[in-house]
There are 2 protein chains.
Amino acid sequence: MKVLTKNTDYAIRALLALAAKKGCYVSAKSIATEHDIPYQFLRGLLQEMIRHDLIVSKEGVQGGFMIKKDPDTISVTQLIEIFQGKVQVSECMFRKQICANRARCVLRHEIMRIEQVVQSEFEKVTIGKLMRDLEAANQVKS
Amino acid sequence: MKVLTKNTDYAIRALLALAAKKGCYVSAKSIATEHDIPYQFLRGLLQEMIRHDLIVSKEGVQGGFMIKKDPDTISVTQLIEIFQGKVQVSECMFRKQICANRARCVLRHEIMRIEQVVQSEFEKVTIGKLMRDLEAANQVKS
DNA sequence: TTTAATTGATATCAATATAGTATCAGTTAT
DNA sequence: ATAACTGATACTATATTGATATCAATTAAA
Ligand code: FES
Ligand code: FES
């Protein structure tokens, strides 16, 4: 079971790249080559992120993408939702047995509680946080 | 993003059915019809669970499947691992940038921490617990 | 003003995973 | 002997994931 698929993974990496060059337009090509992400695939992801208002773009020579939202407000949960759909444990487990009284279903509550925990854990991990972790890791390295 | 796929979902339901008739052999057919699970699909799942020592079977007329392990020791985590593979957030995020000093990678630690949280939450949910919840729900209903 | 570097939009394809079906051989209670 | 079962395995269909290709529109700069 893979929690993050390639698109989410790539999107996070791309956002980190953009966050590192905040205020500048960075081309998809340079991100693709530097971070080893398939070019056209990446472009699709970037367009999707524009639609979700995380980044902006400029066309033409010297164009590219720029981060728009504050990195600390972009969570992994959000990116999972964009690229993999809302986290849900299962459509509705045990539907046959208990869905008749859905409102009271204890199992359902149990499941929803876990959903909540999973989401809030990922909520804590923002692009901003990852950036700082990354910097710290690089400091230690050198 | 779906956390539980059909096979895990069905397997849980089947185990609950077996747990409710502990000590008896229950046929795949009866489980399939009662719980609305595709028959042949279910049989595959049951065989897999035999291989993992959760249940046993008896061939021939009056044969069927019987739960073997204590329901309280069968966790959803375990079933996810059997049917969807071990929970992993991503193979190795940011590999290009940091895998050189993998041991020190802060991001990796962050990710592994979440992995841990997710797993331990599911660990708490056992077949035994679900059984009791289910009984409680049915009590309230009637 | 032409050109090359870029994004926008969209179509297509391949690989993999998920979901479900079918078949036949072997076992066993009746 | 037979019918109700499981064991084993092959197969098909569909959805998801991952990746590529194409062409029009835009724009900085030669
Ligand atoms: S599982 Fe559907 S309401 Fe409980
Ligand atoms: S992501 Fe691979 S070691 Fe950090």
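Within every chain, numbering begins at 1; the chains are lettered A, B, ... in the order of the sequence lines, protein sequences first and strands thereafter. From a predicted model like this one, the values you see are computed outputs, not experimental measurements.
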task = Heavy atoms of chain B, cut-off under 4.0 Å: which first and last nucleotide of DNA chain D, 5' to 3', fall inside that, if you could look?
result = D:dA3 to D:dA8
inquiry  = Need to verify one output field. Residue with the more 5' nearest nucleotide on DNA chain D, B:Gln40 or B:Lys29?
reply    = B:Lys29
Mind listing the closest non-hydrogen atom pair of [X] and [Y] along with its distance?
X: A:Tyr39; Y: A:Ala32; answer: CA-CB, 3.9 Å
X: A:Leu42; Y: A:Ala28; answer: CD2-O, 3.4 Å
X: A:Ala11; Y: A:Leu45; answer: N-CD1, 4.2 Å
X: B:Gln62; Y: B:Tyr25; answer: O-CB, 4.1 Å
X: B:Ile55; Y: B:Ile67; answer: CG2-CA, 4.0 Å
X: B:Gly128; Y: B:Asp72; answer: CA-OD1, 3.4 Å

Please classify the nucleic acid contact of [X] as base, sugar-phosphate, or nothing, using heavy-atom distances under 4.0 Å.
X: A:Gln62; value: sugar-phosphate
X: A:Tyr39; value: base
X: B:Gly44; value: nothing

Please report the distance, rounded to the nearest Å, between [atom1] in [X] and [atom2] in [N].
X: B:Phe41; N: C:dA17; atom1: CZ; atom2: P; value: 15 Å
X: A:Lys6; N: C:dT16; atom1: NZ; atom2: C1'; value: 13 Å
X: B:Asp36; N: C:dG20; atom1: CG; atom2: C1'; value: 13 Å
X: B:Leu4; N: C:dT18; atom1: CG; atom2: P; value: 12 Å

key: B:Tyr10 side chain near C:dA19 phosphate (N/O to OP1/OP2, under 4.0 Å)   = no
task = Dump the intermediate steps for side chain to side chain contact (heavy atoms under 4.5 Å, CB included) on B:Val26 and B:Phe65, then the final yes or no.
result = CA-CA 5 Å; B:Val26 186; B:Phe65 301 86; 5.8 Å; no
query = Can you list, by residue number, the residues of residues 46-60 of chain B that have a non-hydrogen atom closer than 4.0 angstrom to DNA chain D?
reply = B:Gln47, B:Ile50, B:Ser57, B:Lys58, B:Glu59, B:Gly60
Side-chain donor/acceptor pairs under 3.5 Å, residues 74-85 of chain A, sequence neighbours excluded:
from	atom 1	to	atom 2	distance (Å)
A:Ser75	OG	A:Gln78	N	3.2
A:Ser75	OG	A:Glu123	OE2	3.2
A:Thr77	OG1	A:Gln119	O	3.0
A:Thr77	OG1	A:Glu123	N	2.9
A:Gln78	NE2	A:Thr73	O	3.2
A:Glu81	OE2	A:Lys86	NZ	3.4
A:Gln84	OE1	A:Thr5	N	3.2
A:Gln84	OE1	A:Thr5	OG1	3.3
A:Gln84	OE1	A:Thr8	OG1	2.4
A:Gln84	NE2	A:Val3	O	2.9

query = Would A:Asp53 and A:Lys68 pass as an ion pair if we require N to O under 4.0 Å?
reply = yes
Residue mapping more 5' on DNA chain C - nearest nucleotide basis, A:Val61 or A:Ser27 = A:Val61
